[in-house]
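Report on the following structure.
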Amino acid sequence: MKELFKQFGCDDMHRKQAIFSSIFILQNRMQTAGEKIMKEVTMKQWLMLAMTGCCPPPRTLTKVGKLMGCSRQNVKTLARALEEKGFIRLVQGGQNSVCIELTEKVQEYAAEFDSRTDEALSLFFSEFTGEEIQQMYTLYMKLYDGLEKVEEYAKGCDIE
């Protein structure tokens, strides 16, 4: 990957392409490594549990999907698998919504794997200073701002 970055570092357009591509590569590699560290849940299921915990009530499939950046249907698929494993309960909410309730098993799971998660995060960011982490956080917020612009642009590109 470092060699590829060197090849793409010749101008801004190539650097943008390298950064954009690397986001997907990082995601794939983090998912592969994370699923070796965790047991019982996939990284996408773990993300859903984390986003559900952050979501203000009522924790509907739609609201959790928005936090995760995916569709309600994708969240429903993840939720069904997590319900079968005993991590959540799906309950009927108001206005035909389906709400997610975290079970005690989530806290038990977190207690067992928090140290692994903390160690993985420490290793992942071990090459960064505190200032660099702050800079990266700021830059990621700018990426999200740019993504919102791309999403607006994409609305006009829908092919029917």
Side-chain angles (χ1 to χ4, degrees), residues 1-38 41-79 81-82 87-88 93 97-102 106-107 109-111 113-159:
M1 196 64 207
K2 289 180 184 179
E3 190 59 41
L4 185 62
F5 258 79
K6 286 179 189 175
Q7 292 174 8
F8 274 87
C10 60
D11 60 43
D12 277 352
M13 182 52 76
H14 282 90
R15 283 188 283 274
K16 288 176 188 177
Q17 290 172 345
I19 292 166
F20 186 78
S21 299
S22 75
I23 291 169
F24 296 100
I25 294 166
L26 279 170
Q27 187 273 331
N28 287 335
R29 291 180 65 187
M30 287 189 304
Q31 184 171 344
T32 299
E35 289 177 0
K36 291 177 181 175
I37 294 168
M38 309 293 271
V41 298
T42 67
M43 288 305 293
K44 288 187 180 191
Q45 290 170 348
W46 171 86
L47 177 62
M48 193 197 127
L49 291 173
M51 292 297 98
T52 300
C54 295
C55 184
R59 295 178 175 103
T60 65
L61 295 173
T62 302
K63 285 171 68 174
V64 173
K66 284 183 182 178
L67 283 174
M68 291 178 64
C70 64
S71 71
R72 178 188 184 283
Q73 191 58 39
N74 285 346
V75 173
K76 190 173 185 177
T77 300
L78 293 169
L82 287 167
F87 285 96
I88 65 167
S97 64
V98 176
C99 295
I100 304 167
E101 291 180 355
L102 299 174
V106 174
Q107 281 74 33
Y109 186 82
F113 286 95
D114 272 355
S115 63
R116 285 186 184 186
T117 303
D118 290 348
E119 180 64 18
L121 281 174
S122 293
L123 292 168
F124 189 73
F125 290 101
S126 65
E127 300 297 316
F128 291 85
T129 65
E131 183 179 326
E132 288 170 329
I133 291 171
Q134 176 59 47
Q135 289 170 344
M136 187 172 213
Y137 185 84
T138 300
L139 293 172
Y140 256 79
M141 293 301 99
K142 289 184 177 193
L143 280 174
Y144 276 101
D145 291 342
L147 177 59
E148 288 177 2
K149 292 174 184 172
V150 171
E151 289 170 335
E152 282 300 312
Y153 171 71
K155 287 178 184 176
C157 295
D158 277 344
I159 299 172

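Just so you know, these numbers use all the heavy atoms, side chains as well, and skip hydrogens, waters and symmetry mates.
- When atom types are taken as modelled, the side chain of E132 and the backbone of T129 share a donor-acceptor pair closer than 3.5 angstrom.
- Contact of the M38 side chain with the T117 side chain is registered, since non-hydrogen atoms from C-beta on lie closer than 4.5 Å.
- Rounding to the nearest 0.5 Å places OG1 of T52 at 8.5 Å from CG of L67.
- P58 and C99 make their closest contact through CB-SG, 4.0 Å (heavy atoms, listed as atom of the first residue, atom of the second, distance).
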Q: Tell me, with the steps shown, if K44 and N74 meet side chain to side chain contact (heavy atoms under 4.5 Å, CB included).
A: CA-CA 10 Å; K44 288 187 180 191; N74 285 346; over 6 Å; no
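- The main-chain N or O of I25 is never found under 3.5 Å from a side-chain atom of R29 such that the two would form a donor-acceptor pair.
- L139 contributes atom CG, which lies 10.0 Å from atom CE of M141 (distance to the nearest 0.5 angstrom).
- Judged purely by atom type and a 3.5 angstrom limit, K63 uses its side chain to pair as donor or acceptor with the backbone of P56.
- Taking the six-membered ring wherever Trp is involved, the centroid distance between the rings of F124 and F128 does not fall below 6.0 Å.
- I88 has its side chain within reach of L49: a pair of non-hydrogen atoms, C-beta onward, lies under 4.5 Å apart.
- In this structure, NZ on K142 lies 14.0 Å from OH on Y137, to the nearest 0.5 angstrom.
- Across every non-hydrogen atom of M48 and V75, the tightest pair is SD-O, 3.9 Å.
- Here M43 contributes atom CE and W46 contributes atom CH2; the two are 5.0 Å apart, rounded to the nearest 0.5 Å.
- In this structure, M136 CE and Y140 OH are separated by 5.0 Å, a value rounded to the nearest 0.5 Å.
- Here the straight-line distance linking atom CD of Q31 with atom CG of L47 works out to 10.0 Å at 0.5 Å rounding.
- Nearest approach of F87 to V41, heavy atoms of both residues: CE1-CG1, 3.7 Å.
- A donor-acceptor pair under 3.5 Å is formed between the side chain of T42 and the backbone N or O of Q45.
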Q | From CA spacing to verdict: side chain to side chain contact (heavy atoms under 4.5 Å, CB included), T60, R72 | A | CA-CA 9 Å; T60 65; R72 178 188 184 283; over 6 Å; no
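- Using a 4.0 Å cut-off between charged nitrogen and carboxylate oxygen, E152 and K155 count as a salt-bridge pair.
- Ion pairing between R15 and D12 holds under the 4.0 Å rule for side-chain N and carboxylate O.
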